[in-house]
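Note that the structure is a prediction, hence the values are computed from the model and not measured.
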Amino acid sequence: MEKSQEELVAGIQELTPDQPFPDEVFYRIFDIDDYVERTKYIEELKNKAKIISRSREFTSILKAFFMDYQQRMMEHGNTTQFTGQSVELQCGPWRANDLGVTSQKFDKTGMPVQIMACIHPIMPIEILKNVDTGEERIKLAYFKYGAWNQVTVNREVCADNTAIVKVLSKIGIEVTSENAKFLVRYLSDCIGMNPSTLAPVRSINRLGWCANEFMPYAKDIVYDGDKEYDAIFRNVHEGGDYQIWKAHCSSLRKNEIIRLAFAASFGSVLIEPLQILPFVLYIWSGESGTCKTVAIMAAMSIWGNPKMGGLVKTMNTTKVGIMRTSAFLYSLPFAGDELQTMKDKWNGNFDQLIYQITEGIDKVRGRASGGVDETKTWHNSYLFTGEEPITKSNSRAGSKNRVIEIEVEEKLLADGNQTVSILTEHYGHAGKKLVSYLQDADSRKLREEYKEYFDAMCQLDTTEKQAMAMACILVADRILTDVIFQDETALTIHDVKKYLRSAKEVDIAERSYEMVLNWIAKNPIRFKNPEGIDAANKGEVWGRIDSDEDHPEQQPVAVINKDVLCDILERNGFDYAAVSKKWAAKGRIIRNSQGKMVHQTKVYGVKASYIKLNMEDDGFVDFEEEQMDLPFE
């Protein structure tokens, strides 16, 4: 028959010196749930042991029993007993119930003391392993204010006493510097003791391709993105009726510029499979009301709701914001309206922006806590609108190369408001169909198709990067035509070649050279003898024009003061050191007898440093008049 606590306590005093303490005395301790009652019982036992002069022996055996109990709890132990918990976990020595999470430890005297990990229910319910980085995050469930809540934190938060206070206390979890180490230990025990229940789940914090899977359509990858991108993520889905969307967009695509926007939008997900660089489609008009914004909204309706602030962003943002959003989109297109609103942030010149976004990689950024963040990358296209050209006459070749820039001269569609209403009600169906097509497609054949377009356009008067972007757009249009808009004919090179920049238009040496010729033509008096009939020239003399009257077929030579030339180039955004080498390579600079580009000579009696520039008159090739047979039409 089981003895009562009083009988067990009384029995201690009756023991003889050679009789051991009964095991039942110690096991009863673990049956007492109430902490106060348990403490009273232990103190009574210790007092009786003291009476028979066996206090030290009793304390040693008591400590051994507790250590053994803890070890057995670690191996088989308790389970979480929270009301409404989504999963039951082994938690070893921890008592996890609606009153909180507690355990016991020994004080300096060997007395068991209750420790509190958290005064309310809390438990890990899922481990997320990022497919890109391999890093783990832990989803915690906690009961507070009458309801279960969830939060996902980095793994190191649950392993660091300082970090867990800093992060979890902000959202109302009761963790302080006093109980932090116990909460860390409890969470670690739960994770370690439940390897099958808490097996890591594949996760990702961005959209787009992940091997042959695509977010947000992948079924076995969990989305684990930052809250700041929720507005984008929530809008990438299907809504309304697919047939209504398809019928309306078919009519919109009769406009060639809108059709190119559709192809650039879908072309974004082709960039990684085709192994090419990101590019920009820029639609601009100096007049309002041309429906250029509606054009990119229509293009973005492939993927989801194209409303402003969702898949189409206002450009009231920062440089860092653009890069991070690009990394989040990863494969989906970045659509930005009214680019000129952030003109001041780029000092009136978008060259740097174009370079950074089309490189597809962000710079290394440090963490406030030390170390560096993971370097972000992306493989997407950009659809921008604006009220002025995105590149200038003095823009570097790299920026002009990476942009398909289209000016809207006439209204793109009749009723923009009606189109916006339809597109924000019916959207997102095509994206899933197109991705499914690409997942089943032969990537090698897609790259061969792209290469044929690319090679054919490289025979035109354009650059490789312009051909790269447009070849991607043509492949995308062909797929859109085959998969979605079957009653159309795919665009050809002949249809789009007018939107490509000529090689000379992109070449910074050609643009700077033409600028200098125009500058000379506007200032002829600065290149004439200030004496005699030209005495009216009261200003500076910048050089002279040498021509051979006996041989008029020979090109004249401009002898220009080097300082004046460098100044005019700099004021127009060109660098003399960069363009002069290219001029020399093209034979436009006459070198001296030592092979140097600078001549020490006299102009109208004044000796100085001069540059001799051949004044060619061939100018730019008229791209519209270029006639050639184009393959792959």
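- When side chains are defined from C-beta on, Ile473 counts as touching Phe279, because their heavy atoms get closer than 4.5 Å.
- Taking the six-membered ring for Trp and thresholds of 30 and 60 degrees, Tyr242 and His429 have ring planes inclined between 30 and 60 degrees apart.
- Using a 4.5 Å cut-off on side-chain heavy atoms (C-beta onward), Phe328 and Trp378 make no contact.
- Under the 3.5 Å distance criterion, the side-chain polar atoms of Asp495 are matched with a main-chain donor or acceptor of Thr492.
- The aromatic rings of Tyr330 and His379 sit perpendicular to each other, their planes meeting at more than 60°, with 30° as the lower class boundary.
- The closest donor-acceptor contact from the side chain of Lys129 to the backbone of Gly134 lies under 3.5 Å.
- Salt bridge annotation for Glu488-Arg259: present, with a cationic side-chain nitrogen under 4.0 angstrom from a carboxylate oxygen.
- Taking CD1 of Ile125 as the reference point, atom CG of Leu89 lies at 9.5 Å (rounded to 0.5 Å).
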(request) Check the pair Asp337, Thr314 against side chain to side chain donor-acceptor pair (under 3.5 Å), reporting the backbone distance first and the verdict last. (result) CA-CA 5 Å; Asp337 188 39; Thr314 61; over 6 Å; no
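- Under the 3.5 Å distance criterion, with hydrogens and angles disregarded, a donor-acceptor pair is assigned to the side chains of Ser326 and Tyr382.
- Applying the side-chain hydrogen bond (donor to acceptor under 3.5 Å, both in side chains) criterion to Ser268, with sequence neighbours excluded, gives no partner residue.
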(request) Report the C-alpha distance between Lys292 and Glu287 in whole Å, list the side-chain angles of each, state the deciding distance to 0.1 Å, and finish with yes or no for side-chain contact (heavy atoms from CB on, under 4.5 Å). (result) CA-CA 10 Å; Lys292 55 186 183 292; Glu287 299 179 3; over 6 Å; no
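- Arg324 and Asp226 are not joined by a salt bridge, as no carboxylate oxygen comes within less than 4.0 angstrom of a charged side-chain nitrogen.
- Two residues are said to be in side-chain contact when any heavy atoms from C-beta on lie closer than 4.5 Å; Leu270 and Leu438 meet this criterion.
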(request) Please lay out, stage by stage, how Tyr282 and Phe384 fare under the test ring-ring contact (aromatic ring centres under 6.0 Å, His included). (result) CA-CA 5 Å; Tyr282 182 68; Phe384 290 137; 7.2 Å; no
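- Side-chain atoms of Thr462 and Met470, non-hydrogen and from C-beta on, never get closer than 4.5 Å to each other.
- Using a 4.0 Å cut-off between charged nitrogen and carboxylate oxygen, Lys445 and Glu449 do not count as a salt-bridge pair.
- With rounding to the nearest 0.5 Å, the separation of OG in Ser265 from CG in Asn380 is 10.5 Å.
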